[in-house]
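Just so it is clear: chains get the letters A, B, ... in the order the sequence lines come, proteins before strands, and each one is counted from 1.
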Amino acid sequence: MKRTHNCGQLSSGDVGGRVRLCGWVRSYRDHGGIVFIDLRDREGITQIVFDPSDDAELHKLAGSLRNEWVISIAGTVRLRGEDRINPKLPTGKIEVVADGLTVLNKSQTVPFEPDATEKVSEDMRLRYRYVDLRRADMTGALRLRHSICRAMRSVLDERDFIEIETPFLTKSTPEGARDFLVPSRLQQACFYALPQSPQLFKQILMVSGLDKYYQIVRCFRDEDLRADRQPEFTQLDVEMSFVTEADVMEVTNEVLQKICRVAGKEFPAAPTVLTYAEAMDKYGSDRPDMRFELFLRDVSQIVKGCSFKVFSDCLAAGGMVKGVCVPGGAKFTRKEIDGYTAFVGDYGAKGLAWCKVEGDGFAGGAAKFLDEPVQTGLREAFGAGAGDIFFFLADAPATVNKALAALRCRLGEELQLFSPDDFAWCWVTEFPLVEWNEDQQRWDSLHHPFTSPRPDQLEMLQADPGAVRSRAYDIVLNGVELGGGSIRIHSTDLQKRIFGLLGISEDEAHARFGFLLDALQFGAPPHGGIALGLDRIVMMMVGATSLRDVIAFPKTQRGICPLTGAPAEVEDKQLAELDLKIIAPPQKA
RNA sequence: GGGGCCGUAGCUCAAUUGGCUAGAGUUCCGGACUGUCGAUCCGGUGGUUGCGGGUUCGAAUCCCGUCGGCCUCGCCA
């Protein structure tokens, strides 16, 4: 046995005991005579002492140790004197007096110290990920991730869910995100796709009568990356038979409750539930950040008929005017306001109207176009007072909401309207079933085409599809969507109607989803489920701002793994076996 | 595909805004030191300023291109 304890384990209770420890040299302090080694493993740090008067040979070897060498030591646990206690170390009351030392492996000089206080560039960290993962916060994130998975499994196991694996090599369904494709050798000119989610399989498992399924599963989407978006990510995928929205939400709440307990965070007994319509109205977003108010308000009715051409033209064209009132915002400089104007421009807004409340009247910006009744209406609507500022956006509702929601979040952050450890959960429900795609001139599913419409609104499917609400629900934390799901369609007829609405012909539907449509005909029970983003949950729980900090081996923004160099070219022989040819090889410098 | 920020020693950064041999901390190497704990003290190694081109008497600095990293819009049912 190479070790009897780990490096975070020993305490005053172990004094006098003989121990063996293994780990990495975190630092060495050579006083000419006495030598101290900080020995680190994933559990902690223990100080090892080498005294020349005990064993001159051993002391000499200890003097040759360098950072990140892997060693094994044997020795006796000793209490440190009162004045030698290190309060920064959990093991700081003891030390191990070594009588044996084996160098298990030397290390080259590491490109950066695993406990460096300076922030090392992420490029470096990812290239030398094995060194980076020695850092306590990275180890901590991965361990919490593990604990969260265990919490998920324990809740679902307790409730008689069955974990079932679904294929990674599956069929491309060009709806939605771009697929990662895998060429097939046995079926030339054919491709597998990596799953964007196990959606269809889990529904088929319900048809099979498996009743309650879950899986902690990798999903793949070949889209551009973001800090909170990786091309491969993990989700907790859940599906249940004979349930309603409330059943799925209740199970999810219990899972999240347990996760929060494990992570030392709060989860409310009953999270706020708001409808999509409410969320869009007050927050401009279907993933509202509820840590602060700063509500948006549709002021179209108040400003209609005012002399401001930007507003009147917009309303005449069927647009909307929406605003936000920032308490104390009159102190914003022109430069800051210009900054916000440019900011909303990124989201497609053509401008940002503003005016300040000074004393009894409005001043600056658009103030001169807003007459007395309009000013009064706005003040009352927002409860505004002197020293506040209004921002208004006039445009198509989608643009207004997107830009104003982004502005609201930016203001909330800049004005510190919440504290960093605030946790605000909410469910968003009653999403529209479909939305109009202006570019393609057709209806698109908001969620996915297997989402059930509300049964009491089926008759509107023909006449007014945009008004039909679905049985979908999303769980949101601090403005971040952590998961979503729905009650699915279990009737072939209804599923066909929805495909029809989405402009998917019968032939097309059959080619793509025929296996699901077939399955629905063989006794599909009513069913529904949800998927929770594991990476994002861990990210929120550790307070990270990037998924890369909670994934052991993530990709960079351009989809590269700096550690392995993936993706990489393959040999011609491999291509030949697949009957593939690179038509336009990249130009090499 | 678009916009923005960045790239200087192994690492983290500086360089008086175009001017003297590109510096500092840390790492590393050597030396001193028997109670440190981010040890300390002394000395030393370490640079094609991402790469290529241009402007200039002179470029880390300005211009063009390119590579790489990050953030973001589009995209992500």
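With a glycosidic angle no more than 90° from 0, B:rU17 adopts the syn conformation.
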- Heavy-atom protein contacts under 4.0 Å, nucleotides 36-44 of chain B, coded B base, S sugar-phosphate only, - none: BBBB-----
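Taking A:F515 as the reference, nothing meets the ring-ring contact (aromatic ring centres under 6.0 Å, His included) condition, with sequence neighbours excluded. Residues passing the side-chain contact (heavy atoms from CB on, under 4.5 Å) test with A:T564, sequence neighbours excluded: A:C561, A:A566. Judged as a side-chain contact (heavy atoms from CB on, under 4.5 Å), and not counting sequence neighbours, the contacts of A:R40 are A:W24, A:R26, A:I45, A:E68, A:P114, A:R134. Every ring-ring contact (aromatic ring centres under 6.0 Å, His included) that A:F391 has, sequence neighbours left out, goes to A:Y340. Every residue two or more places apart in sequence or in another chain that forms a side-chain contact (heavy atoms from CB on, under 4.5 Å) with A:F553 is listed here: A:R129, A:L133, A:L563.
Atom CG in A:D228 sits roughly 14 Å away from atom C1' in B:rC70 (whole-Å rounding). Going from atom CG of A:N67 over to atom C1' of B:rC11 covers 13 Å, rounded to whole Å. Rounding to whole angstrom units, CE of residue A:M124 and P of B:rG69 are separated by 13 Å. Here the C1' atom of nucleotide B:rG74 and the CZ atom of A:R178 are 11 Å apart, to the nearest Å. Counting to the nearest Å, the C1' atom of B:rC75 and the CG atom of A:D179 are 15 Å from each other. Atom P of nucleotide B:rG69 and atom CG of A:L225 are separated by 11 Å, given to the nearest angstrom. Here the C1' atom of nucleotide B:rU34 and the CG atom of A:D55 are 16 Å apart, to the nearest Å. Computed from coordinates, the A:D549 CG to B:rC70 P distance equals 12 Å when rounded to whole Å.
With B:rU34, B:rG10, B:rU72 as the candidates, the nucleotide lying closest to the side chain of A:P52 is B:rU34. Residue A:E223 has its side chain nearest to B:rC76 when only B:rC76, B:rG1, B:rC70 are considered.
The base of B:rU12 has none of its N or O atoms less than 3.5 Å from a complementary donor or acceptor on the side chain of A:E113. Residue A:R226 places no side-chain atom within donor-acceptor reach of the base of B:rC70, judged by atom type and a 3.5 Å distance cut-off alone. Put simply, the side chain of A:D123 and the base of B:rG68 share no donor and acceptor less than 3.5 Å apart. Judged by distance alone, with hydrogens and angles left aside, A:R229 brings a side-chain donor or acceptor within reach of the base of B:rC76, the pair sitting under 3.5 Å.
The pair A:D444-A:R442 meets the salt-bridge criterion, since a charged nitrogen lies less than 4.0 angstrom from a carboxylate oxygen. A salt bridge links A:D395 with A:K350; the closest basic N to acidic carboxylate O contact falls under 4.0 Å. Between A:E223 and A:R229 there is no salt bridge, since none of the side-chain N atoms of the basic residue sits less than 4.0 Å from a carboxylate O of the acidic one.
Rounding to the nearest 0.5 Å places CZ of A:R66 at 10.0 Å from NZ of A:K106.
Among the protein residues, A:R548 comes within range of the sugar-phosphate backbone only, with heavy atoms under 4.0 Å from sugar or phosphate atoms but none that close to a base. In this structure, A:R287 reaches neither bases nor backbone, as no heavy-atom distance under 4.0 Å exists between it and the strands shown. As judged by a 4.0 angstrom heavy-atom cut-off over every strand, A:L126 is placed among residues making no nucleic acid contact. Within the nucleic acid shown, A:L446 comes within 4.0 Å of sugar-phosphate atoms alone, with no base atom in reach, counting heavy atoms only.
Comparing A:T545 and A:P111, the nucleotide of RNA chain B nearest to each residue sits closer to the 5' end for A:P111. Residues A:K119 and A:P562 both approach RNA chain B. Their nearest nucleotides, taken by heavy-atom distance, put A:K119 toward the 5′ side.
Between A:Y130 and A:Y128, the angle of the ring planes goes over 60°, which puts this pair in the perpendicular group of the 30/60° scheme.
For the C1' atoms, the distance from B:rA15 to B:rA22 is 7 Å, rounded to whole Å. The C1' atoms of B:rC62 and B:rG18 are separated by 8 Å, rounded to the nearest whole Å. Rounded to whole Å, the C1' atom of B:rC20 lies 16 Å from the corresponding atom of B:rA60. With C1' as the reference atom, B:rC13 and B:rC75 are 37 Å apart, rounded to whole Å. Spacing of P atoms, B:rC76 relative to B:rG68, comes out at 25 Å, to the nearest Å. B:rG10 and B:rG53 are spaced 30 Å apart, taking the C1' atom of each and rounding to whole Å. B:rU26 and B:rA39: their P atoms are spaced 11 Å apart (whole Å). Straight-line distance between the P atoms of B:rC57 and B:rG52: roughly 23 Å, to the nearest whole Å.
Neither OP1 nor OP2 of B:rG10 sits under 4.0 Å from any side-chain N or O of A:R127. Distances shown here put a side-chain N or O of A:S121 below 4.0 Å from the OP1 or OP2 atom of B:rU12. Residue A:R558 has a polar side-chain atom (N or O) positioned under 4.0 Å from OP1 or OP2 of B:rG69.
Nucleotide B:rC5 forms a Watson-Crick or G-U wobble pair with B:rG69, both donor-acceptor distances falling under 3.5 Å. Both distances falling under 3.5 Å, in either a Watson-Crick or a G-U wobble arrangement, place B:rG44 opposite B:rC28.
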